Amino acid sequence: MSDIDEPSRGGDEDAQPAPRRRPLVSRRTLVWAGVAVGGLAALGGGALIYRDIRRSAGPEGTWVELNPIVPVPSISPRATSPAFEQPLGETTVAVWAHADDDIIFANPHLAGVIASGATLRTVFVTAGDAGRGLDYAKQREAGIRAAYDRMRGSTSAWETREVTLLSGARVTRFVPVDDPRLSITVLRLPDGNLSAKGFPSTGDAGLTQLINGTVPVLRPIDDGPTLDASRLAETLAELIHAGSPRYVTTNVPHESAFARGDHPDHSCVGSLVRAVAPAVGVAAEAVTYYIGYPSQHQPVNVEGDALASKVDVYETYASQDPVVTCDTASACLAQPGFGQWLRRSYAKAESELQLR
């Protein structure tokens, strides 16, 4: 999610919170939690506090037209990337704008992939920093690792390494020492803000400006090599190909009717993945897109034990985020935006995107 001066989840890179047993929450409690809102609400999936939102609703992103994505050449065979990871069973490569998009919008499916023993390679394109800097982004990254630990039932350490790709991009990769079928790769590009205008601390620029050509390059907030629009597209193509996926999951693209009101970063990432996946041999029917902020307008479809488990994972993540921390299931469900999103998860195939 992101860009609402929103809360991030994370902690220090090496410390992982011990798994906590959460009590299941009754449906009645969950319903009342939705209206028991108090205090300033933190919202987003990247990082920002949406101060002008009604208590009962989540944020909506600014709509900005997006230029077509720069095509990626279809090269066969492609050179083996330094980011290549050996497939360890059926593989999903998941590409998201912000660290928490997956656990909010794609769960319970995400937890099901992990529980099945399948391989999951996750990529987060922006730092979700909300202009707060690298320390905050690292907190969010630690939070998402903790959430994955919760879903996989382990708190073993994660190895960290930097990888320089064939594209010239530099990424950071985390892999659990006891579970190489999982990995998290971060590009740490600057958060684009709900307004699609970025933040002053990162040059008032994000994915929207890069794709639209109003800025020539973006520099990752960890001072990695700059990326222009073409190199970013090639970087994502390389990372997807390196995962050898059978399936790809991502945010809903800008060209879908379901993107109206979504975070601009979500839409940019969805469009990038939709544009580059065919060039690396991923068929359109193998890509699944998850509705982001606008899912709050869809009927509730996550309830009972599935909701309790989803909230438990989110709470684990949120406990690391100094902006959006919630320490009980009812408190998490009471957060405007988050409470609505957690109760919903809507996946769309290419044929269901209602392209404009």
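Keep in mind the model is a prediction, meaning the values are calculated, not measured.
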Atom of [X], atom of [Y] and distance for their closest heavy-atom approach:
X      : Y      : value
Val280 : Ala237 : CG1-O, 3.5 Å
Ser81  : Leu166 : CA-CD1, 4.0 Å
Ala279 : Val72  : CB-O, 3.4 Å
Tyr314 : Cys326 : CE2-SG, 3.6 Å
Cys268 : Thr208 : SG-OG1, 3.6 Å
Pro264 : Thr62  : CG-O, 3.6 Å

Practice prompt. Check the pair Leu207, Val125 against side-chain contact (heavy atoms from CB on, under 4.5 Å), reporting the backbone distance first and the verdict last.
Written response: CA-CA 9 Å; Leu207 294 175; Val125 177; 4.3 Å; yes
Does one hydrophobic cluster hold both [X] and [Y], with members joined at side-chain heavy-atom distances below 4.5 Å?
X      : Y      : result
Ile184 : Met151 : yes
Val171 : Phe174 : no
Tyr290 : Val252 : no
Leu182 : Val248 : no
Val300 : Val311 : no

From [atom1] ([X]) to [atom2] ([Y]), nearest 0.5 Å:
X      : Y      : atom1 : atom2 : value
Thr172 : Glu141 : OG1   : CD    : 7.0 Å
Leu110 : Asp102 : CG    : CG    : 5.0 Å
Gln209 : Leu218 : CD    : CG    : 7.5 Å
Thr126 : Asp265 : OG1   : CG    : 5.0 Å
Ser267 : Phe258 : OG    : CZ    : 13.0 Å
Leu272 : Ile69  : CG    : CD1   : 4.0 Å

Practice prompt. Check salt bridge (charged side-chain N to carboxylate O under 4.0 Å, His left out) between Glu85 and all other residues, then give those that pass, not counting sequence neighbours.
Written response: Arg121, Arg173
Discussion item. Can you tell me if Lys197 has over 12 outside heavy atoms packed within less than 6.0 Å of its NZ?
Written reply: no
Are [X] and [Y] close enough that some pair of their side-chain heavy atoms sits under 4.5 Å apart?
X      : Y      : result
Pro82  : Glu238 : yes
Val70  : Glu234 : no
Leu239 : Val93  : no
Ser156 : Asp179 : no
Val113 : Thr249 : no
Ile211 : His254 : no
Glu255 : Leu353 : no
Arg132 : Val323 : yes

Can you tell me if [X] uses its side chain to pair, donor with acceptor, with the backbone of [Y] under 3.5 Å?
X      : Y      : result
Ser295 : Trp341 : no
Gln296 : Gly58  : yes
Arg231 : Ser167 : yes
Tyr346 : Pro299 : yes
Asn251 : Val269 : no
Thr325 : Ala318 : yes
Asp100 : Ile144 : no
Lys310 : Ala111 : no
Ser345 : Phe105 : yes
Ser309 : Ala306 : no

Item to complete: Return each pair, listed once, that meets salt bridge (charged side-chain N to carboxylate O under 4.0 Å, His left out) where at least one residue sits in residues 154-171; pairs must be two or more places apart or across chains.
Response: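 Only Glu162-Arg170, Arg170-Asp222 qualify under salt bridge (charged side-chain N to carboxylate O under 4.0 Å, His left out).
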Practice prompt. List the steps, then state whether side-chain contact (heavy atoms from CB on, under 4.5 Å) holds for Val123 with Leu187.
Written response: CA-CA 8 Å; Val123 177; Leu187 277 67; 3.7 Å; yes
Practice prompt. Kindly determine whether His263 and Leu194 satisfy side-chain contact (heavy atoms from CB on, under 4.5 Å), including the steps that lead there.
Written response: CA-CA 6 Å; His263 193 296; Leu194 263 182; 4.0 Å; yes
Fill in: Pair Arg274 + Glu350: basic N to acidic O under 4.0 Å
yes
Item to complete: Decide side-chain contact (heavy atoms from CB on, under 4.5 Å) for Arg152 and Asp178; before the verdict, give the C-alpha distance in whole Å, the side-chain angles of both, and the deciding distance to 0.1 Å.
Response: CA-CA 11 Å; Arg152 70 192 187 93; Asp178 63 340; 2.9 Å; yes
